[in-house]
Amino acid sequence: MTANPTPPARGLAGVTAGRTAICSLAGTLRYRGYTIDDLVTGSFEEVAYLLLRGELPNPADLTAFTTRLQAAASDLPETAIHMLERLATAAPRASVMDVLRTGVSLLGQLACDDGPNQPITAEEIERQTRLAERLIGQGAALLAVWIDLTTSRQPVPWPEKPLAAALLERLRHEPVTAAAAKAFDTTLILYAEHEFNASTFAARTVTSTGSDMHSAVTAAIGALKGPLHGGANEKVLEHLGDIGIPERVEPWLAERFAARRVVMGFGHRVYKQGDVRARLLADVCRRLIRSEGIPKSHLHLEQLADTVEAQMLEQKGLKPNLDWPAARVYHALGLPIQVFTPIFVVARLSGWTAHIIEQMGDNRLIRPLSEYCGPEPRPYPPPAEQLD
Ligand code: COA
């Protein structure tokens with residue numbers, strides 16, 4: 001057997017696997033042509049609308065869209081709530097990512113989502129876009145209800161507020177300041193979309209078979225759960241907790257490197273000179289921890305984070321990715337670790353569903369090839385020998 005002179009790129013690194021009009025990373029991060037620096041001055045709703053519909057909303061469109069997300073979040077089917085209640089008793093310590101994965105799958109079954117009607121007309125795209133909007137609102141509601149159920153809190157009605165303020169209030173069970181809601185909203189904008197990352201590619205692959213939006217999102221949530229992808233933001237806080245004090249940074253990193261283990265929240269497959277989202281959120285984080293209502297103890301965590309960052313750059317030449325500041329923002333907002341990656345899901349539902357709809361609109365089955373590296377062709381043993 002002759003070896004392929006150009007072996008396939010491991011992890012498809014550097015491979016262009018398709019086209020998209022949703023997001024580009026060339027030069028800087030842009031959603032539908034707008035830079036991320038500009039988009040963070042708006043709201044998550046504005047960004048989700050842009051991702052799904054291709055253009056920024058006018059004020060009336062934005063209000064109507066915000067209201068539709070609120071309506072979806074307020075309207076979780078009874079069966080879904082019963083299922084969460086049963087699961088909260090049977091497996092209260094289950095990963096919240098599993099809860100969202102199962103919840104979205106169940107919502108698909110309840111909605112009898114059998115995939116797009118063919119041919120894909122403008123009406124069908126609008127129907128899928130409305131399904132996407134429902135999923136964004138319902139994803140947030142699934143998360144809030146689960147946290148209520150597993151912390152013995154009485155679920156309260158979904159607040160009539162923009163999604164960031166409403167979700168943060170539901171997770172905290174108390175009113176939140178405007179500064180806290182804005183910082184949280186910024187994390188949702190930054191997490192909303194990122195081109196052909198692993199979970200989005202998983203969603204597009206499922207969609208390419210003609211399958212339905214809920215199945216594609218279920219697969220995407222499974223992919224996002226992994227620590228090399230979305231799960232990194234939870235691990236960041238665990239790292240900072242393990243290290244504890246600035247004096248421990250050097251020995252902790254030395255141990256980690258000796259064991260050839262990565263440090264979560266650093267490095268990126270595409271950004272080799274630093275992640276623009278991490279820079280933007282680091283500024284937000286710095287402002288947030290100095291704002292009203294944030295305990296002063298967070299300043300110590302920030303000093304620790306600065307020391308790790310400086311050492312990672314000096315020793316490995318690696319800069320932080322978005323998960324590094326995001327974990328610290330969520331911690332400063334008083335959120336428990338287990339909701340960090342699920343919040344990423346709520347935000348990324350907008351990007352995933354935009355990609356699913358784009359794939360539906362111009363579909364060809366995603367089916368790459370592999371390079372075989374197993375045993376040479378060999379004879380199948382006669383039955384007598386198999387018995388020996
Ligand atoms: N900590 C320590 N070393 C790291 C590292 C990290 N966070 N990220 C990359 N490296 C090392 C790699 O081990 C590799 O070392 P080697 O050449 O000795 O084998 C080298 O840097 C180059 O890695 P690279 O090829 O650029 O990584 P990748 O593109 O395959 O992987 C990630 C990208 C994101 C999976 C990787 O950086 C990582 O695991 N980061 C931590 C998880 C994380 O934060 N994920 C969220 C991403 S948004």
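Keep in mind the model is a prediction, meaning the values are calculated, not measured. Whatever order the structure lists ligands and atoms in, that order sets their numbers, starting from 1.
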To the nearest 0.1 Å, how far is atom 48 (S) of ligand 1 from its closest protein heavy atom, and which atom is that? His268 CD2, 3.6 Å
How does Asp275 reach ligand 1, by side chain, by backbone, by both or by neither, if only non-hydrogen atoms under 4.0 Å count? neither
In ligand 1, the atoms that come under 4.0 Å of a heavy atom of His229 are 46 (C)
Which word best sums up how the rings of His229 and Phe344 line up, parallel for under 30°, tilted for 30 to 60°, or perpendicular for over 60°? perpendicular
Return the closest protein heavy atom for atom 42 (C) of ligand 1 as residue, atom name and distance. Met264 SD, 3.4 Å
Given Asn321, Leu318, Val263, identify the one with the heavy atom nearest to atom 7 (N) of ligand 1. Val263
Work out which heavy atom in Val249 is nearest to a heavy atom in Gln311; give both atom names and the distance. CG1-CG, 3.9 Å
When you measure from atom 46 (C) of ligand 1 to the protein, is at least one non-hydrogen atom found at a distance under 4.0 Å? yes
Yes or no: does Leu322 have any heavy atom under 4.0 Å from an atom of ligand 1? no
Checking side chain to side chain donor-acceptor pair (under 3.5 Å) for the pair Ser208/Gln359: CA distance, chi angles, key distance, verdict? CA-CA 7 Å; Ser208 82; Gln359 184 72 38; 5.0 Å; no
Please walk me through it: do Thr20 and Glu195 pass side chain to side chain donor-acceptor pair (under 3.5 Å)? CA-CA 8 Å; Thr20 182; Glu195 200 229 26; over 6 Å; no
Nearest-contact summary for atom 33 (C) of ligand 1 - protein heavy atom, Å: Arg269 N, 3.7 Å
Establish whether atom 37 (O) of ligand 1 and some protein heavy atom are separated by less than 4.0 angstrom. yes
Considering Val236, Leu228, Asn197 one by one, which has a heavy atom nearer to atom 39 (O) of ligand 1 than any of the others? Leu228
Lys319 to Tyr271 six-membered ring, cation-pi geometry met (6.0 Å, 45°): no
Can you confirm whether some protein heavy atom lies under 4.0 Å from atom 4 (C) of ligand 1, or whether none does? yes
Glu124 (side chain) donor-acceptor with Asn117 (main chain) under 3.5 angstrom: yes
Heavy atom of protein inside 4.0 Å of atom 1 (N) of ligand 1, strictly below: yes
Is there a path of hydrophobic side-chain contacts, each under 4.5 Å between heavy atoms, that joins Leu12 and Leu25? no
How does Val262 reach ligand 1, by side chain, by backbone, by both or by neither, if only non-hydrogen atoms under 4.0 Å count? both
Under the criterion side chain to side chain donor-acceptor pair (under 3.5 Å), which of Asp75, Thr129, Thr353 is the partner of Arg134? Asp75
Ignoring hydrogens and geometry beyond distance, is a side-chain donor-acceptor pair present between Gln70 and Trp158 at under 3.5 Å? no
Which atoms of ligand 1 sit under 4.0 Å from any heavy atom of Asp323? 46 (C), 48 (S)
Atom 40 (N) of ligand 1: nearest protein contact (heavy atom, Å): Phe266 O, 2.9 Å
So, does Tyr330 use its side chain to make a donor-acceptor pair with the main chain of Val339 at under 3.5 Å? no
Spell out, as yes or no, whether a donor-acceptor pair under 3.5 Å connects the side chain of Arg32 to the backbone of Leu50. yes
Short side-chain to backbone donor-acceptor contact, Asp185 and Phe44, under 3.5 Å: yes
Considering the heavy atoms of Gly265, write down every atom of ligand 1 situated less than 4.0 Å from one of them. 43 (C), 44 (O)
What atoms of ligand 1 come within less than 4.0 Å of a heavy atom belonging to Ala232? 43 (C), 44 (O), 45 (N), 46 (C)
Does some non-hydrogen atom of Gly11 fall short of 4.0 Å from ligand 1? no
Ranked by distance from atom 26 (O) of ligand 1, the top protein heavy atom is Lys272 NZ, 2.7 Å
Centre of Tyr49's six-membered ring, under 6.0 Å away, within 45 degrees of the axis: is that where NZ or CZ of Arg53 sits? yes
Contact with ligand 1 for Arg256, non-hydrogen, under 4.0 angstrom: no
If the contact criterion is a heavy-atom separation under 4.0 Å, does Lys235 count as touching ligand 1? no
Nearest protein heavy atom to atom 15 (O) of ligand 1: under 4.0 Å? no
Looking at Glu174, I want to see if its CD is surrounded by more than 12 non-hydrogen atoms of other residues, nucleotides or ligands under 6.0 Å. yes
Right, does atom 21 (O) of ligand 1 have protein non-hydrogen atoms nearer than 4.0 Å? no
Quick one: does Arg260 get a heavy atom under 4.0 Å from ligand 1? yes
